[in-house]
Amino acid sequence: MSGEKPRRLARRGLLGSGLAVLGTRITVPLCTAAQPANSESLKRLAAEKGLIYGTTISANQILHDPAFIALVARQAGLVVPENDMKWQDINRGAPGKDDYGPADTVAGFAVENGMVLRGHNILWYYRTPSWFFALPGRDAKERAVIDRIKTLVGRYRGIVHSWDVVNEPIEPKDGRPDGLRKAVFLEALGPGYLDLAYRLTRETDPRARLVVNEYDIELDSPVHETRRRVLLDLLQRMQKAGTPIDSIGVQAHLAAVGGPPFSPGKFRRFLAEIAAFGLTIEITELDVTDRDTPADIRVRDRMVADTYRRFLDAALDEPAVKMVVTWGLSDRHSWIVRRETNQSKWRTDGLPSRPLPFDADLQPKPAVGAMAEAFTHAPARPPG
Ligand code: 9MR
C-alpha cells in the first residue's frame, strides 16, 4: 500500500464491504480451544459494570496466530495496535512513503468483529521517524505534523473510539517550569504543538475521544507525585486555552515487587481530581512485571494477580474510569517477555516473564481471576 492515496475507511463501509477495502476478511473461530466453553469472559464482566476491557494486538498476530486471536475475540471488547499505528512503524523511510497495511489490518479486525478500536498513537517523541528530524526548519516540520494528523486520523475517522493524540508529553526532570518534555515536537514547534495536535485531531474526527496518555503517575513516590501535579497543571492550561481534551490515559506498567509502593488512597484521590475536570479516565497499558519475584511460578503468578487486583480495585472505584486495557493478553505476546526496551522490567534469572492475564499457552492464570473479581466488585457506571 506504499504511497497509495489513503482511502476512507468508514465503519459502515467496512462492515458493508466485508473488508473488501482491506483485501482480507478476518474471521474469528466461534470457539477457542484455549477456553472452557462455560468460562466467563473479561469483556462481559467489564461490560456489566459499564466498562470496556481490551488488549493490544498486531497485524502479525491477526494474520499468523489464530489461536491467540480467538482468545482476544473471546475476552476483549476492544483492541489497540501495540505498534502498527506509530509514525515510525507507518513510515520509516521518507515523507510520502506511508504504509497503512498493518494498521488497516488491525482496524479491519476491530470493525469486522464489532470491537472498539483505540488509536495509539499520533505523536510520540520516541517513535518519530528519523526523516522528520532532518526536515529543514519549523514550517516543514509543522506541515509534516499536520499531514500526519490529517492522513492518519482522517483514514480511521468514525472507527477510532479514542486517540492517544500526544503520547507522554510531560517530563518534569527536563526542568521546564511547565513540566513539558523537551523533545522533538516541543523543540521544533514550541509548546503550542499540543494545541495544534488536539485541535486538528478534533477537527478531523469530531467523534473520537482525545486522550493524553502518560506513565509513572500511579505510585506513591515523589517522582510520581510530581508527574501527577504537572499533568494536572497541563490539563488546567489546556482547558483554559480551549484545547479539546476528553480523557486521561493512565498507562499503569506495574511491578509485583520492587519500585515505589502503591497507595490506593492517593491514586484514588488523583483520579477524582481528573474527574473534577470533567474528563474520563482510561487505564491504557496495564501489565505487571514479575521481575524480582521468586522463580516458583505459583508464587509469582499469585503476586502478579494480587497486584492487578489491588490496582484495579482502587481504579474502578472512580466512576470516571471507563476502560481497562492490558498491554497484551497472553505472555505469548508481551513487550516485557520479548525484552524489547526498558531493561528494568526484565527478570534477571533468565526465566521468561509472566506479566499478563493468560500464559504463553493461552491458559488463564490467577490474574484472570483477579481481574474478573475486580470487575465483579466494581461499582456500576454509565457505559463509557
Ligand atoms: O510494547 C511496545 C513495544 O513493542 C515497542 O517496541 C515500544 C516502542 O515502540 O513500545 C511499546 O509500547 C509502549 C507504548 O507504545 C507507550 N507506552 C509504553 C509502552 C511500553 O514501552
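Only this structure's heavy atoms are used, side chains among them; waters, hydrogens and symmetry mates stay out. Whatever order the structure lists ligands and atoms in, that order sets their numbers, starting from 1. Index from 1, following the sequence.
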>> To check your reading of the model: name the closest protein heavy atom to atom 19 (C) of ligand 1, its residue, and the distance in Å.
In response: E285 OE1, 3.3 Å
> Does ligand 1 have an atom that lies less than 4.0 angstrom from a heavy atom of N342?
Replying inline: no
>> Tell me the protein heavy atom at minimum distance from atom 21 (O) of ligand 1, and give that distance in Å.
In response: W335 CZ3, 3.3 Å
> What distance do R127 atom CZ and K86 atom NZ have between them, rounded to the nearest 0.5 Å?
Replying inline: 6.5 Å
> Without hydrogens or angle criteria, can the side chains of Y125 and R181 be said to hold a donor-acceptor pair below 3.5 Å?
Replying inline: yes
>> Walk me through whether L351 and R300 qualify under side-chain contact (heavy atoms from CB on, under 4.5 Å).
In response: CA-CA 12 Å; L351 292 173; R300 56 178 156 134; 3.8 Å; yes
> So does D301 pair up with R354, basic N to acidic O under 4.0 Å?
Replying inline: yes
> How are the rings of W163 and Y156 set relative to one another: parallel (under 30°), tilted (30 to 60°) or perpendicular (over 60°)?
Replying inline: tilted
> Of all the non-hydrogen atoms in the protein, which one sits nearest to atom 14 (C) of ligand 1, and at what distance?
Replying inline: H120 NE2, 3.4 Å
> Are any of the N or O atoms of E168 closer than 3.5 Å to those of ligand 1?
Replying inline: yes
>> Applying a heavy-atom cut-off of 4.0 Å, say which part of T56 lies close to ligand 1: side chain, backbone, both or neither.
In response: neither
>> Just to confirm my output: which protein heavy-atom neighbour is closest to atom 2 (C) of ligand 1, and how far is it?
In response: E82 OE2, 3.4 Å
>> Which residue and atom name correspond to the protein heavy atom nearest atom 12 (O) of ligand 1, and how close is it?
In response: W327 NE1, 3.3 Å
> Centroid-to-centroid, W87 to W131, below 6.0 Å?
Replying inline: yes
> Would you call the rings of W327 and H253 parallel, tilted or perpendicular, where under 30° means parallel and over 60° means perpendicular?
Replying inline: perpendicular
>> Just to be sure I'm reading this right: ignoring hydrogens, which of W124, Y126, Y215 gets closest to atom 13 (C) of ligand 1? Compare them by their nearest heavy atoms.
In response: W124
>> Among all the protein's non-hydrogen atoms, which is closest to atom 7 (C) of ligand 1, and how far away is it?
In response: K86 NZ, 3.8 Å
>> Strictly below 4.0 Å, N to O, side chains only: are D104 and R155 in salt-bridge contact?
In response: yes
>> For atom 6 (O) of ligand 1, what's the nearest protein heavy-atom neighbour? Residue, atom name and distance, please.
In response: E340 OE1, 2.8 Å
